[in-house]
There are 2 protein chains.
Amino acid sequence: MPRHIYNCSEGCPVESTLQIISGKWKSVIIYHLIKKKHCRFNELQKLMPNCSRRMLSLQLKELKSDQIIDKTIFPTVPPKTSYQLTALGETLTPLILEMEKWGDKYNQLHE
Amino acid sequence: MPRHIYNCSEGCPVESTLQIISGKWKSVIIYHLIKKKHCRFNELQKLMPNCSRRMLSLQLKELKSDQIIDKTIFPTVPPKTSYQLTALGETLTPLILEMEKWGDKYNQLHE
DNA sequence: CAGTATCCAAGCGGATACTG
DNA sequence: CAGTATCCGCTTGGATACTG
């Protein structure tokens, strides 16, 4: 899987950030994990009706490999999982909340 | 051109923000326009060596149609253009600077 | 419940050549 | 200089079916 979308030209830290959160649904996932602290797989799905199960799975996997989120598996029947932010992931909170703020204002303008 | 990537589920303003800035190079363009106030086409190209002329053109066009940037054309020979943020575009500054900040810290961790 | 595997279509995006 | 037009390969991502 190609993870070198941006070559991160020196002098542009924004590209480094994009490297981590620019996946189609990543910042939305992080947003929901900020709000709810932890979420199960199907719970996330309901919060993001336009994201397919396949895509959700892929995005979660990349976020995990970038150490932004953690996954806890409870070996029960039926199986149960829980996704939550890591310490690194939590440092994205101010950024994601800025996205929320801007989106709110933008929606006010356009309704 | 399909602009309805996200259906902007109610309750998730982050999706609205993504609708505007999630293009592959958009936040990088905005970042440079924040820093330099105005930029010419080739100037932006040099700042973003990994973005092709074609992509740069497309992203600028979308940002303009979303009223995030403006374009001034000087009818000289050779032709000269200048891109700058609109008032709406400037409201993205806190968000983009958060991206810069996070990228900076992330780069420090990983070098 | 929480995923993975396979298949396949659409469109993203690079390379190249051309224009005002 | 500042783009646009055309071609085309490759990835993205949906649909569907299957698994522990």
Side-chain angles (χ1 to χ4, degrees), chain A residues 1-9 15 18-29 32-33 36 38-66 69-84, chain B residues 1-9 15 18-29 32-33 36 38-66 69-84:
Chain A
M1 46 187 75
R3 298 303 316 281
H4 303 290
I5 312 174
Y6 301 93
N7 284 35
C8 298
S9 348
E15 291 188 30
L18 289 173
Q19 185 80 19
I20 303 297
I21 64 160
S22 71
K24 196 174 177 188
W25 294 99
K26 289 183 184 175
S27 34
V28 182
I29 293 172
H32 289 303
L33 289 182
K36 315 206 37 164
H38 49 83
C39 262
R40 302 178 57 175
F41 188 86
N42 276 356
E43 213 172 340
L44 280 169
Q45 257 227 124
K46 273 170 207 156
L47 292 169
M48 304 159 55
N50 302 121
C51 175
S52 68
R53 192 161 59 229
R54 173 192 146 88
M55 278 313 295
L56 181 53
S57 174
L58 288 173
Q59 300 280 287
L60 287 170
K61 200 170 289 179
E62 289 192 8
L63 284 171
K64 181 159 179 6
S65 94
D66 284 334
I69 64 172
D70 252 337
K71 171 182 175 177
T72 314
I73 305 181
F74 302 96
T76 57
V77 181
K80 191 176 156 179
T81 59
S82 173
Y83 293 94
Q84 63 273 165
Chain B
M1 46 187 73
R3 298 304 315 282
H4 304 291
I5 312 172
Y6 301 93
N7 284 36
C8 297
S9 347
E15 291 188 30
L18 289 173
Q19 185 80 20
I20 302 297
I21 63 159
S22 71
K24 196 173 176 188
W25 294 99
K26 289 183 185 175
S27 34
V28 182
I29 293 172
H32 289 304
L33 289 181
K36 313 205 39 163
H38 49 82
C39 262
R40 303 178 58 175
F41 189 87
N42 276 356
E43 213 171 340
L44 280 170
Q45 258 228 122
K46 273 169 207 156
L47 292 170
M48 303 157 57
N50 301 122
C51 175
S52 69
R53 193 161 59 228
R54 172 191 148 87
M55 279 312 296
L56 181 53
S57 175
L58 288 174
Q59 300 280 287
L60 287 169
K61 201 171 288 180
E62 290 193 7
L63 284 172
K64 182 160 181 1
S65 94
D66 284 334
I69 65 171
D70 252 339
K71 170 181 175 177
T72 314
I73 305 179
F74 302 95
T76 57
V77 179
K80 190 176 156 180
T81 59
S82 174
Y83 292 94
Q84 63 273 164

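Only a predicted model underlies this, so the values are computations on that prediction, with no experimental measurement involved. Residue numbering restarts at 1 for every chain, and letters A, B, ... go by the order of the sequence lines.
Put simply, CD1 on I73(A) is 11 Å from P on dA2(C), counting in whole angstrom units. At whole-Å resolution of the value, CD in E62(B) and P in dT4(D) are 13 Å apart. The CD atom of Q45(A) sits 10 Å away from the P atom of dG3(C) (whole-angstrom rounding). Atom pair Q59(A):CD and dT11(D):P shows a separation of 17 Å (rounding to whole Å applied). What separates CG of N50(B) from C1' of dA15(C) is a distance of 16 Å, to the nearest Å. Atom P of nucleotide dA2(D) and atom CD1 of I69(B) are separated by 14 Å, given to the nearest angstrom. Taking atom NZ of K64(A) as the reference point, atom P of dT4(C) lies 12 Å away to the nearest angstrom. To the nearest angstrom, P of dT4(D) lies 4 Å from NZ of K61(B).
Between T81(B) and dG3(D) there is a side-chain N or O to OP1 or OP2 distance below 4.0 Å. When the side-chain nitrogen and oxygen atoms of S52(A) are compared with OP1 and OP2 of dG13(D), none of them lie within a distance under 4.0 Å. Side-chain N/O atoms of K71(B) include one lying less than 4.0 angstrom from OP1 or OP2 on dG3(D). Between R54(A) and dA15(D) there is no side-chain N or O to OP1 or OP2 distance below 4.0 Å. A sub-4.0 Å separation between OP1 or OP2 of dG3(D) and a side-chain N or O of S57(B) is absent.
The distance from the OG atom of S57(A) to the CD atom of Q45(A) is 10.0 Å, given to the nearest 0.5 Å. Summarising the geometry, atom OG1 belonging to T72(A) is positioned 12.0 Å from atom CZ belonging to R40(A); distances are rounded to the nearest 0.5 Å.
The pairing partner recorded for dC8(C) is dG13(D), the criterion being a Watson-Crick or G-U wobble arrangement whose two distances lie under 3.5 angstrom. Under the Watson-Crick or G-U wobble criterion, with both distances below 3.5 Å, dA2(D) is paired with dT19(C).
Closest approach to the M55(B) side chain among dA2(D), dG13(C), dG20(C) is made by dG13(C) (side chain taken as heavy atoms from C-beta onward).
When atom types are taken as modelled, the side chain of Y6(B) and the backbone of K24(A) share a donor-acceptor pair closer than 3.5 angstrom. A donor-acceptor contact shorter than 3.5 Å is absent between the side chain of E15(B) and the backbone of V28(A).
Of the residues near DNA chain D, P79(A) and W25(A), the one whose nearest nucleotide (by heavy atom distance) lies more toward the 5' end is W25(A).
The two residues L44(B) and Y83(B) have their closest heavy-atom pair at CD1-CD1, 4.3 Å.
R53(B) comes within contact range of at least one nucleobase, with a heavy-atom separation under 4.0 Å. Here Y83(A) lies in heavy-atom contact (under 4.0 Å) with sugar-phosphate atoms only.
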